[in-house]
Amino acid sequence: MVSRVIPVEEFDLVIFGGTGDLARRKILPGLFRRFLSGQMPEGSRIIGAARGEMDSEGYREMIREAIAEFGGDEAKDKDGLAKFIDQLHYVTVDAKGDGGWKELHDLIRFDVINAFYFSVAPSLFGDLAQRLHSNKIADRKSRVVVEKPFGRDLETAKALNATLAKHFKEDQIYRIDHYLGKETVQNLMAVRFGNMLFEPLWNNHYVDHIQITVAETVGVGGRGAYYDNAGAMRDMVQNHLMQLLCLIAMEPPAVFDADAVRDEKLKVIRALQPIDPHHIVRGQYEAAKKSPSYREDAENPKSFTESFIALRCEIANWRWAGVPFYLRTGKKLRARTSEIAVVFKDIGHSIFPGDEKRHRNILAIQLQPNEGMQLQVTIKEPGPGGMRLIDVPLDMTFADALGPDAEDSTDAYERLIMDVIRGNQTLFMRGDEVEAAWAWTDPLIEGWQERNDVPKLYEQGSAGPEDAMMMLHREDRKWREIKE
Ligand code: BG6
């Protein structure tokens, strides 16, 4: 098996916020890897644009250092790096004034694909979009890439959509949710729609419940100001977990294309039911021996923002009616792991005398860090002593099954940027999807704010607050263990 790298067409990519953290940590190192793999044609140009005074030489130096720091082993390829760096340019641009726009116009080639990455605060989206047009830099063929957070509620998301829509059509707008760029997240669709085995069972007749866990070991230190204003619900659930939920729950699209897939995802979000308050558990990590508490990390001693959330939600449609979806995510938990578990119902009747244990098939899909799948099946315990049953996993880590191909290090950002150049929006969120997600999230947030709910404290390195365990326990279920 050999991975196939299909080069994209020649392009000019302008990164507004080209000197910022995301550009230095993710976007440029990612593009460098695509360049090394042969996917980014040599004539293509990357133009950093930001407020700071600098020339292209200075920018090249800055990015050389960034790639050395964040580029991993590939950064050691000095020849490759020199060639890549040659393709970088820089323009000092004032988003709110006239400075730099003419230079940018003169630099861009209009006979290749043009993409504009808005790696800046959303408050600047409108100014950038407007100036790109008034300076005749962007046209109907241009593409614009925007980052999360896309709004902080329905109203702000609508306003952002409206701002962008003044200047760009929906098929030009690429809203990034980097979870959609992850290899295994796409694998969810392959597993569901590329196999006969699972789809017939994928409904409320056979599935007892579904668990989605995205656990992190990091805290919020360093980004406390942003995070304290967001919390786990806005930071993770409204986007990443919601996307996972959609991919797991959606109906099969007729074809794998951008609108067919996004239409189906949208239907899932719109079918999500409001949640009872006792089906929401919010938590905050406490201080540990050498590690500050959430409130210290966030520098807000009175914060009620959640660094953990667990929810029980339901999708009101024929396929899923009555099946709980349990979602949880949090910082400073026991392990870094993202997993989706489809827990099937108990068998209706056991023919084995004396076997009172509950046996359940569970399909667990590990998204990160050890990508793979396990199917828990029940078999006879080996040896004499009658028919005793045990549950064992059919275990497949993709690294074992696929060998070197599984080591494809393509990171979500690089994959997504290449999709922008290809003009493929399948792995990007459509405006109506984002709005629907906020429309579901907003009342939940307003609810706990009105009730003055205080997040439950949890120990660092744990699985979150006890109440989250209880939420499932009450229904005779239990969370999967959080482990790598
Ligand atoms: C980001 C969130 O979108 O995703 C972060 O803002 C979070 O808080 C991160 O840590 C998780 O991404 P990943 O790829 O490390 O799972």
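By convention here, the first residue in the shown sequence is residue 1. As the structure lists them, so they are numbered: ligands from 1, and atoms in each ligand from 1.
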Item to check | Ionic contact status for Lys331 with Asp297, cut-off 4.0 Å | outcome: no
Item to check | Residue of the set Tyr285, Tyr294, Tyr458 for which side chain to side chain donor-acceptor pair (under 3.5 Å) holds with Ser307 | outcome: Tyr458
Item to check | Numbering as shown, the atoms of ligand 1 that approach His240 to under 4.0 Å (heavy-atom distance) | outcome: 1 (C), 3 (O), 4 (O)
Next on the checklist: Within 45 degrees of the ring normal and closer than 6.0 Å to the centroid, is that where the cationic atom of Arg360 sits relative to Phe344?
Outcome noted: no
Checklist outcome for this item: among protein heavy atoms, the one nearest atom 6 (O) of ligand 1 is Asp235 OD1, 2.6 Å
Checklist entry - Any idea which atoms of ligand 1 are less than 4.0 Å away from a heavy-atom of Lys148? => result 1 (C), 2 (C), 3 (O), 6 (O)
Next on the checklist: With heavy-atom distances below 4.0 Å as the criterion, list the atoms of ligand 1 near Arg223.
Outcome noted: 2 (C), 5 (C), 6 (O), 8 (O)
Item to check | Option passing ring pair (Phe, Tyr, Trp, His ring centres under 6.0 Å) with His209 (candidates Trp479, Tyr326, Phe325) | outcome: Tyr326
Checklist entry - Between Tyr226 and ligand 1, is there a nitrogen or oxygen pair with a distance under 3.5 Å? => result no
Item to check | Nitrogen or oxygen of Tyr227 less than 3.5 angstrom from that of ligand 1 | outcome: no
Checklist entry - So which heavy atom in the protein is nearest atom 12 (O) of ligand 1, and how far is it from that ligand atom? => result His178 NE2, 3.2 Å
Checklist entry - With the threshold set at 4.0 Å, does a side-chain nitrogen-carboxylate oxygen contact exist between Lys26 and Asp411? => result yes
Next on the checklist: Could you identify the single nearest non-hydrogen protein atom to atom 15 (O) of ligand 1 and state the distance to 0.1 Å?
Outcome noted: Arg336 NH2, 3.4 Å
Item to check | Member of Arg328, Glu216, Met242 meeting the side-chain contact (heavy atoms from CB on, under 4.5 Å) criterion with Met236 | outcome: Glu216
Item to check | Residue, atom name and distance, where the atom is the protein heavy atom closest to atom 16 (O) of ligand 1 | outcome: Tyr179 OH, 2.4 Å
Item to check | Proximal ligand 1 atoms for Lys182, defined as those under 4.0 Å from one of its heavy atoms | outcome: 13 (P), 14 (O), 16 (O)
Checklist outcome for this item: min-distance protein heavy atom vs atom 9 (C) of ligand 1 -> Glu216 OE2, 4.0 Å
Item to check | Carboxylate-amine/guanidinium proximity below 4.0 Å for Lys182 and Glu371 | outcome: no
